[in-house]
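Below is one structure, written out as structure tokens; the observations come after it.
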Amino acid sequence: MDEVPQALRRLADDARVTVRRGGAPDPDGKCVVYWMQRAQRGRDNHALDLAVHVANALGLPLVVYFAGIANFPSANLRHYAFLNRGLVDVEEDLAARNIAFVLRNAPHESHERLLSDVGAAFLVGDENPMRGPERWRRDLAERIRIPFWTVDADVVVPSKLIERAQYGAYTIRPRLYRLLPEFLVPHQNPKARHEWKRPKGFHADSPHQDMTQGWKELDRSVPPVEAWTGGHRAAMRRLRHFVSRLLKDYERDRNRPEVDGTSALSPYLHFGHIGPVTIALAVDAAVKKDPSLQGARDGYFNELIAWRELAVNFVRYTPNYDTAECAEDWAKKTIAEHARDERERLYSLKQLEAGETHDELWNAAQTQMVVHGWMHNVLRMYWAKKILEWTPDVKTAVKWAIDLNDKYELDGRDPNGYAGIAWSMLGKFDRTWGERPVFGKIRYMSGASTGRKFDSKLYIEQVQALRAGARVAPRSAP
């Protein structure tokens with residue numbers, strides 16, 4: 001990196017930064033571009049902050065670019081409507097930092113065309129461990145001729161510092177927690193010093209309009225959910241509600257789907273409308289005011305940091321994270337030994353999708369996901385395990401669970417979803433249990449035992465009301 005300015009070399013040393021294409025900035029470049037994809041927010045964003053520092057060091061304006069692609073894998077109208085609303089907040093927050101925002105929706109979303117149109121000297125992007133987005137970044141780095149750095153903006157501890165796949169939460173937790181003092185620090189949110197002037201005839205779309213207009217191939221069969229509003233502001237409102245009202249009872253209520261007892265921030269985390277550092281700092285601040293919240297903080301950090309970043313680690317180091325092949329050897333052995341076990345019941349994908357099984361609790365969980373776009377985590381585990389029990393083989397079970405999760409959940413198509421399904425169906429991150437039909441040594445969950453842990457009758461009634469058209473969702477979600 002000898003030809004790189006000294007100020008940029010120091011930025012490249014940040015543990016969150018991956019230099020995908022090195023070299024010096026284009027001396028004739030007119031701006032720095034930040035390609036926003038995973039971290040869709042104009043505040044508390046490590047990638048955006050780095051892009052500001054690069055632009056200021058080069059004496060150039062910063063342009064934030066979002067590409068509205070029409071064919072993101074498994075995405076449908078529900079997902080795009082939530083995303084679209086979030087871009088309105090992005091534009092406003094960027095303007096407050098003297099940063100330009102450019103949205104280009106398909107068919108105008110070519111990255112190379114944008115970089116050429118603005119005269120980019122340097123490109124910054126987000127990290128994303130998913131297979132497709134990672135491939136997009138590698139391909140783009142090979143095609144362009146300017147420096148391209150990506151930033152790990154949606155984890156607390158940079159993913160590459162955990163250098164190999166972790167077996168479970170108990171192995172990754174101490175590694176992560178040792179690094180928290182270094183990385184759990186407030187964002188600076190620096191301002192860009194130079195303003196970008198949009199060229200005459202320059203094409204950009206408005207985030208205030210439906211970004212899916214004209215996309216003939218988009219799946220519009222899954223409608224948006226009125227109860228969920230995308231964007232950083234909605235995420236912050238929910239965070240404040242959680243910290244001020246729910247955190248004190250988190251240890252008691254977190255596993256009760258019939259009450260509003262969790263943060264319910266997973267859709268916002270998935271779209272990057274809020275980052276985990278912002279959430280963790282808000283929880284820590286609450287504990288400083290009220291030390292009695294320490295237990296709730298520790299339990300929540302286990303979910304937000306240990307398990308969530310274990311999921312990112314899983315996807316990062318496991319190429320087949322969305323197939324039955326990702327199981328550990330002991331699980332593959334027990335699955336093979338029980339492959340021919342007779343199932344008491346078998347359901348088609350259509351029956352499962354419609355919530356038409358003999359199990360009222362499972363049907364309610366499936367309905368909540370289809371109608372409301374979100375399911376309580378306790379029920380996600382039960383939901384997935386029953387699909388394994390009601391399908392002819394584990395390969396089919398994993399595929400159907402992923403298809404349903406990614407189609408209906410607002411937080412679908414995410415490392416957490418793939419890790420959760422692998423835990424439920426394939427024993428990933430778990431240990432062996434007592435032998436039983438179909439499951440072998442993989443942990444089993446029964447409807448009776450699951451339903452006794454909370455007021456399952458009330459939960460089922462809440463979902464039935466939701467299905468009947470009531471505007472009030474189950475209390476387990478905002």
Determine, for R252 against D249, whether the closest basic-nitrogen to carboxylate-oxygen distance falls under 4.0 angstrom. yes
Just checking, is any N or O donor in the side chain of N76 or Y408 under 3.5 Å from an acceptor N or O on the other one? no
According to the interplanar angle, ranging from 0 to 90°, do the rings of Y80 and W215 count as parallel (below 30°), tilted (30 to 60°) or perpendicular (above 60°)? perpendicular
Is the closest side-chain heavy-atom distance between D117 and V102 below 4.5 Å? no
Between the side chains of R9 and D13, is the shortest nitrogen-to-carboxylate-oxygen separation below 4.0 Å, so that they form an ion pair? no
At what distance, to the nearest 0.5 angstrom, does CG of D126 lie from CG of D154? 7.0 Å
Partner of L62 under side chain to side chain contact (heavy atoms under 4.5 Å, CB included), chosen from V124, V33, V52: V52
Applying ring-ring contact (aromatic ring centres under 6.0 Å, His included) between F429 and each of F314, Y418, W423, Y170, report the one that passes. F314
Would the number of heavy atoms belonging to other residues, nucleotides or ligands and lying under 6.0 Å from CD of Q6 be above 12? yes
Do the side chains of D89 and R233 get close enough for a salt bridge, i.e. N-O under 4.0 angstrom? yes
Do M211 and D205 come close enough that some side-chain heavy atom pair is under 4.5 Å? no
I'd like to know if the side chain of H273 reaches the main chain of H232, judged simply by a donor and an acceptor atom lying under 3.5 Å from each other, with no hydrogens or angles considered. no
Please confirm whether R238 makes a cation-pi placement over Y268, using NZ or CZ under 6.0 Å from the six-membered ring centre and within 45° of the ring normal. no
Is the side chain of Q40 donor-acceptor paired with the backbone N or O of Q37 at a distance under 3.5 Å, no angle test? yes
For the NZ atom on K332, are there more than 12 heavy atoms of other groups (residues, nucleotides or ligands in this structure) within a distance under 6.0 Å? yes
So does D26 pair up with R145, basic N to acidic O under 4.0 Å? no
Do Q166 and R175 have side chains that get closer than 4.5 Å, going by heavy atoms? yes
Do the non-hydrogen side-chain atoms of R240 and R245 ever get within less than 4.5 Å of each other? no
By salt bridge (Lys or Arg N to Asp or Glu O under 4.0 Å), which residues pair with D253, not counting sequence neighbours? R256
Closest non-hydrogen atoms of R193 and N56, given as atom of the first, atom of the second and distance, are N-OD1, 2.9 Å
Checking T278 against R43 for the side-chain hydrogen bond (donor to acceptor under 3.5 Å, both in side chains) test, could you report, in this order, the C-alpha distance in whole Å, the side-chain angles of both residues, the deciding distance, and whether it holds? CA-CA 10 Å; T278 301; R43 293 187 53 79; over 6 Å; no
Which heavy atom in R38 sits nearest to a heavy atom in D152, and how many Å separate them? NH1-OD1, 4.2 Å
Looking at E328 and K428, is there a salt bridge between them, counting it only when a charged N and a carboxylate O are closer than 4.0 Å? yes
Does the separation of the ring centres of W228 and H372 fall below 6.0 angstrom? yes
Would you check if the side chain of R21 reaches a backbone N or O of I144 as a donor-acceptor pair within less than 3.5 Å? yes
Do H203 and H108 have their ring centres less than 6.0 Å from each other? yes
Distance col, row L115:CG vs R113:CZ, nearest 0.5 angstrom, shows 12.0 Å
Look up atom OG1 in T318 and atom CG in N313, then write down how far apart they are to the nearest 0.5 Å. 7.5 Å
Could you give me the CA-CA distance, side-chain angles and deciding distance for F148 and W136, then say whether ring-ring contact (aromatic ring centres under 6.0 Å, His included) is met? CA-CA 13 Å; F148 178 27; W136 301 339; over 10 Å; no
Under the salt bridge (Lys or Arg N to Asp or Glu O under 4.0 Å) test, which residues partner E195, sequence neighbours left out? K197
Passes ring-ring contact (aromatic ring centres under 6.0 Å, His included), F242 versus Y300? Steps please. CA-CA 11 Å; F242 173 66; Y300 185 66; 4.9 Å; yes
Hey, does P276 have a side-chain heavy atom less than 4.5 Å from the side chain of L269? yes
Are R413 and D406 within salt-bridge range, i.e. N to O under 4.0 Å? no
Inspect the contact between R97 and D93 and indicate whether a charged nitrogen and a carboxylate oxygen are less than 4.0 angstrom apart. no
W330 and T432: side-chain donor and acceptor closer than 3.5 Å? no
Check whether any side-chain heavy atom of P224 lies under 4.5 Å from a side-chain heavy atom of F82, and answer yes or no. no
Over all atoms of both residues, closest heavy-atom pair of P207 and N84: O-ND2, 2.9 Å
How close do M425 and A401 get, counting heavy atoms only, and between which atoms? CE-CB, 3.5 Å
Cationic N near anionic O, under 4.0 Å, R20 to E127: yes
Is any side-chain heavy atom of N45 less than 4.5 Å from a side-chain heavy atom of M36? yes
Is there a donor in the side chain of N416 and an acceptor in the side chain of D411, or the other way round, less than 3.5 Å apart? no
If you count heavy atoms of other groups shown closer than 6.0 angstrom to NZ of K395, is the number above 12? no
Neighbour count above 12 (heavy atom, 6.0 Å) for Q294 CD: yes
Suppose we call two aromatic rings close when their centres sit under 6.0 Å apart. Are W35 and F66 close by that rule? no
Shortest non-hydrogen contact from G230 to A234? O-CB, 4.1 Å
Row check, W433 ring normal vs R431 NZ/CZ: under 6.0 Å, within 45°: yes
For Q188, is the CD atom crowded, meaning more than 12 foreign heavy atoms sit under 6.0 Å from it? no
Considering non-hydrogen atoms only, spot the tightest contact between R16 and P158 and give its length. CG-CG, 3.6 Å
May I ask you to say whether R297 pairs ionically with D290, meaning some side-chain N is under 4.0 Å from a carboxylate O? no
Please report whether the ring centroid of Y65 lies less than 6.0 Å from that of W196. no
